[in-house]
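Just below is one structure, and these are the notes that go with it.
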Amino acid sequence: MNANIDKKTVEGFGEEWTTFDQSKLSPSEHQELFDTYFAIFPWDSLPPNAVGFDLGCGSGRWAALAVTRVGHLHCIDAAESALAVAKARMKSVPNVSFHLASVDNIPLNDGSQDFGFSLGVLHHVPDTAAGLASCVRKLKPGAPFLVYLYYRFDNRPLWYLWLWKLSELARGAISVMPFRLKRIVTDAIALLVYLPLSRAAKIGELLGFHVESWPLSAYRNLSFYVLRTDALDRFGTRLEQRFTRAEIESMMRNAGLDQVRFHEAVPYWVAVGSKRGTTAAL
């Protein structure tokens, strides 16, 4: 049986998080991004001193804020260099553990965790559904799991989808470049594409236009550092999959999650569900 991992993609993320370790994020922007992704996470439903995991922790940017709300957090990543960044970020945090492991080899007992989350990770493994099921197995009945998976533009007009298809041609060429060249090219994309389009959306919003459907409008209030990070993430990653909202809900339910609900705003799609075996509401 093949491992549910793409080694080139993992290697690329190790290079990405070593380069963009998120240390240049301002505290306010870091908190704003965290609040956006965790907007529907049911913190109040967790038991006292809850123990959970972050699958694909990367630089630890989400873990560093989540760990302050729980009893213990297991940070798991398949890239050793990324895990080193997370360790350095949280070197003085006592209630965190670090594990070098892939999604199909999570070093936690089945049914042992009070919560879990995996943001922007499972669409980068060969079998997303199997990866999701592997995460859910680690949860106790009733425990919440938060996931973010790239959307397939199912809530966008047709022209938006074709624009993405054109960008895929660029990603196919850029993602196989040596990392140093890849970084130069994606920095140029951040400067020449992300920055002008996002700032045009900001100006449009100030003028009273509804800009939510404008390309890259989600970045209109974010720093150039975030734009550089995400340009590298978007165009520098070899393996990327996208799903409709219906497909994500189906995968979550098939993995053993109930009470599935979605965040109805960007980024699409963030969803949360609770492991089957309880009637408690999220």
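- Across R156, R245, R242, R152, a single residue satisfies side-chain contact (heavy atoms from CB on, under 4.5 Å) together with Y268, and that is R156.
- Looking only at distances, a side-chain donor or acceptor of K182 sits under 3.5 Å from a matching main-chain atom of G236.
- Expressed to the nearest 0.5 Å, how far OG of S81 lies from CG of D21 amounts to 12.0 Å.
- Nearest heavy atom pair, residue A39 against residue H263, reads CB-CE1, 3.8 Å.
- Of the inter-residue distances, the one linking H30 atom NE2 with S223 atom OG reads 12.0 Å to the nearest 0.5 angstrom.
- Note on L197 and Y225: same hydrophobic cluster, where clusters join Ile, Leu, Val, Met, Phe, Trp and Tyr whose side-chain heavy atoms are under 4.5 Å apart, directly or indirectly.
- A donor-acceptor pair under 3.5 Å is formed between the side chain of R261 and the backbone N or O of I40.
- One finds no salt bridge joining R199 and E205 here, because no Lys/Arg side-chain nitrogen approaches an Asp/Glu carboxylate oxygen to under 4.0 Å.
- The ring pair (Phe, Tyr, Trp, His ring centres under 6.0 Å) contacts involving residues 163-211 comprise F153-W164, Y194-Y219, where partners must be two or more places apart or lie in separate chains.
- Separating the CG atom in N4 from the OG1 atom in T128 is a distance of 7.5 Å, to the nearest 0.5 Å.
- A ring pair (Phe, Tyr, Trp, His ring centres under 6.0 Å) check over residues 63-110, counting only residues at least two apart or in different chains, returns the pairs H72-H74, H74-H99.
- Of the possible polar contacts, none joining the S274 side chain to the Q259 backbone as a donor-acceptor pair under 3.5 Å is found.
- Within the structure, no pair that satisfies the salt bridge (Lys or Arg N to Asp or Glu O under 4.0 Å) test touches residues 62-87, not counting sequence neighbours.
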For this session: Apply side-chain contact (heavy atoms from CB on, under 4.5 Å) to D104 and D127, showing your working.
Result: CA-CA 10 Å; D104 56 351; D127 191 336; over 6 Å; no

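- Of the possible donor and acceptor atoms, none in the side chain of S59 sits under 3.5 Å from a partner among the backbone N and O of W17.
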Problem set entry | side-chain contact (heavy atoms from CB on, under 4.5 Å) evaluation trace for L33 with V226 | CA-CA 10 Å; L33 289 168; V226 173; 4.2 Å; yes

Problem set entry | Test side-chain contact (heavy atoms from CB on, under 4.5 Å) applied to D6 and H124, step by step | CA-CA 8 Å; D6 184 90; H124 294 308; over 6 Å; no

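- Taken together through direct or relayed side-chain contacts under 4.5 Å among Ile, Leu, Val, Met, Phe, Trp and Tyr, I184 and V193 form parts of separate hydrophobic clusters.
- Salt bridge E168/R171: present, at least one basic N to carboxylate O contact under 4.0 Å.
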Exercise. Would L108 and I76 satisfy side-chain contact (heavy atoms from CB on, under 4.5 Å), going step by step from the backbone distance to the final call?
Worked result: CA-CA 10 Å; L108 304 172; I76 305 163; 4.1 Å; yes

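- Hydrophobic clustering (side-chain heavy atoms under 4.5 Å, transitive across Ile, Leu, Val, Met, Phe, Trp, Tyr) groups V125 together with L132.
- Residues forming a salt bridge (charged side-chain N to carboxylate O under 4.0 Å, His left out) with D114 (at least two apart in sequence, or on another chain): K140.
- In summary, the aromatic rings of H123 and Y151 are positioned with their centroids too far apart to meet the 6.0 Å limit.
- With a 4.5 Å cut-off on side-chain heavy atoms, L163 and W159 count as touching.
- Of the possible polar contacts, one joining the S198 side chain to the L195 backbone as a donor-acceptor pair under 3.5 Å is found.
- I189 and Y150 fall within a single hydrophobic cluster, where Ile, Leu, Val, Met, Phe, Trp and Tyr side chains are chained together by heavy-atom contacts under 4.5 Å.
- Taking OG from S175 and CG from L232, the interatomic distance works out to 11.0 Å, rounded to the nearest 0.5 Å.
- Here the two rings, on F117 and F38, have centers that are under 6.0 Å apart.
- Here the side chains of F20 and Q22 are in contact, with some heavy-atom distance below 4.5 Å.
- When side chains are defined from C-beta on, S118 does not count as touching F53, because their heavy atoms never get closer than 4.5 Å.
- Note that the CZ atom of R234 and the OG1 atom of T186 stand 12.0 Å from one another [nearest 0.5 Å].
- Scored by the side-chain contact (heavy atoms from CB on, under 4.5 Å) test, V70 finds W43, L46, L73, F115 as partners (sequence neighbours excluded).
- Separating the CG atom in L122 from the CG atom in L55 is a distance of 6.0 Å, to the nearest 0.5 Å.
- For the residue pair N109 and S112, no side-chain donor N or O sits within less than 3.5 Å of a side-chain acceptor on the partner.
- Taking the side-chain contact (heavy atoms from CB on, under 4.5 Å) definition, one finds that R253 meets it with E249, D258, V260, R276, sequence neighbours left out.
- Linking Ile, Leu, Val, Met, Phe, Trp and Tyr whenever their side-chain heavy atoms come within less than 4.5 Å puts F243 and W269 in one cluster.
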